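In this text, all values refer to a predicted model and were calculated from it rather than measured experimentally. Residue indices begin at 1 and follow the sequence shown.
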Amino acid sequence: MASHLTPAIYAKLCDKVTPNGYSLDQAIQTGVDNPGHPFIKTVGMVAGDEETYEVFADLLDPIIKERHNGYDCRTMTHPTDLDSSKVSWNCLEHMQGNFDERYVLSSRVRTGRSIRGLSLPPACTRAERREVERVVVDALAGLSADLAGKYYSLTQMTEKEQQQLI
């Protein structure tokens, strides 16, 4: 953010807000509070909702282009292929339970979420967080067979369930 936020860009965008009321100052607060390290470049700006990308495009577009090695969201289309039949599971089945503990101590899967009409985490209200949980729980409830599982709500989980999941 610091390499792209000039006084002229700030003056142009400082009074703008998204329809949800997300401002430039809110978007750049993380970069102001955590300027980072000279040798470790961070983005320094977060989107509060999907409209952030349009309202603050004059600042976000060059940040995205720099962070993603020249990807220009205005002229390029990110390739998306959700065809799971193209995923080879042979290597995963072969490796299952056979990781070399000298190199693999643990693993995790990180997900992000974008639900149209709901603010992103930096600008999410408590009511929106509850709505996100409701939408996700409904979607998970529709999974069946080997994808079915149990959803554990952080607010209703017992101590025993917490320990089981750690």
Side-chain angles (χ1 to χ4, degrees), residues 1-95 103-104 106-144 146-147 149 151:
M1 177 263 302
S3 59
H4 298 285
L5 183 60
T6 64
I9 292 289
Y10 184 83
K12 181 178 179 180
L13 301 177
C14 69
D15 294 325
K16 294 185 177 187
V17 295
T18 68
N20 288 330
Y22 195 69
S23 69
L24 177 63
D25 286 344
Q26 288 172 300
I28 65 171
Q29 191 63 53
T30 185
V32 172
D33 291 344
N34 304 293
H37 186 277
F39 302 122
I40 303 171
K41 190 138 182 148
T42 61
V43 173
M45 183 174 181
V46 293
D49 51 32
E50 63 186 295
E51 289 84 2
T52 302
Y53 294 97
E54 295 301 323
V55 174
F56 304 117
D58 290 339
L59 178 57
L60 269 170
D61 285 357
I63 291 172
I64 291 167
K65 190 171 186 176
E66 180 182 354
R67 180 70 177 178
H68 294 283
N69 301 318
Y71 177 78
D72 185 341
C73 59
R74 302 294 162 183
T75 62
M76 301 167 79
T77 303
H78 187 276
T80 300
D81 187 350
L82 301 177
D83 183 355
S84 62
S85 70
K86 294 179 181 176
V87 177
S88 170
W89 294 102
N90 291 337
C91 65
L92 296 175
E93 290 170 1
H94 175 71
M95 296 285 296
Y103 304 105
V104 180
S106 68
S107 65
R108 68 182 173 129
V109 175
R110 182 179 180 271
T111 63
R113 66 101 186 141
S114 297
I115 300 172
R116 177 151 286 148
L118 295 175
S119 296
L120 298 170
C124 218
T125 66
R126 182 172 291 150
E128 286 177 309
R129 290 182 196 283
R130 288 186 180 131
E131 179 62 8
V132 166
E133 183 177 30
R134 186 195 67 73
V135 168
V136 170
V137 168
D138 286 352
L140 292 173
L143 300 176
S144 60
D146 63 336
L147 297 176
Y151 175 79

Please report the interatomic distance CD(E54) to NZ(K16), rounded to the nearest 0.5 Å. 11.0 Å
Not counting sequence neighbours, which residues clear salt bridge (Lys or Arg N to Asp or Glu O under 4.0 Å) with D61? List them please. R74
Can you tell me which residue pairs pass the salt bridge (Lys or Arg N to Asp or Glu O under 4.0 Å) test with a partner in residues 18-38, sequence neighbours excluded? none
Results of side-chain contact (heavy atoms from CB on, under 4.5 Å) for V132 - residues two or more places apart only: R113, I115, L118, V136
Taking salt bridge (Lys or Arg N to Asp or Glu O under 4.0 Å) as the cut-off, I'd like each qualifying pair that reaches into residues 131-140, sequence neighbours left out, listed once. E131-R134, R134-D138
Residue list, side-chain contact (heavy atoms from CB on, under 4.5 Å) with H4, at least two apart or on another chain: L59, P62, I63, E66
side-chain contact (heavy atoms from CB on, under 4.5 Å) partners of T80, counting only residues at least two apart: H78, L82
Donor-acceptor pairs are to be reported for all side-chain atoms of residues 42-49 against protein atoms at under 3.5 Å, with residues two or more places apart or in another chain.
from	atom 1	to	atom 2	distance (Å)
D49	OD1	E51	N	3.3
D49	OD1	T52	N	3.0
D49	OD1	T52	OG1	2.9
D49	OD2	T18	OG1	2.7
D49	OD2	N20	ND2	3.2

What's the shortest heavy-atom distance between F56 and L13, and which atoms? CE2-O, 3.8 Å
Which heavy atom in Y22 sits nearest to a heavy atom in P122, and how many Å separate them? OH-CB, 3.9 Å
Contacts of type salt bridge (Lys or Arg N to Asp or Glu O under 4.0 Å), residue K12, not counting sequence neighbours: D58
Test side chain to side chain donor-acceptor pair (under 3.5 Å) applied to D15 - qualifying residues, sequence neighbours left out: none
With sequence neighbours left out, the residues meeting side-chain contact (heavy atoms from CB on, under 4.5 Å) with L143 are L140, L147
In chain order, what residues pass the salt bridge (Lys or Arg N to Asp or Glu O under 4.0 Å) check against E128, with sequence neighbours excluded? none
For the atom pair CZ (R129) and OG (S119), what is the distance rounded to the nearest 0.5 Å? 9.5 Å
Closest contact, heavy atoms only, Y10 versus L24: CD1-CD2, 3.5 Å
Rounded to the nearest 0.5 Å, what's the gap from CD1 on I64 to CG on N69? Could you check? 13.5 Å
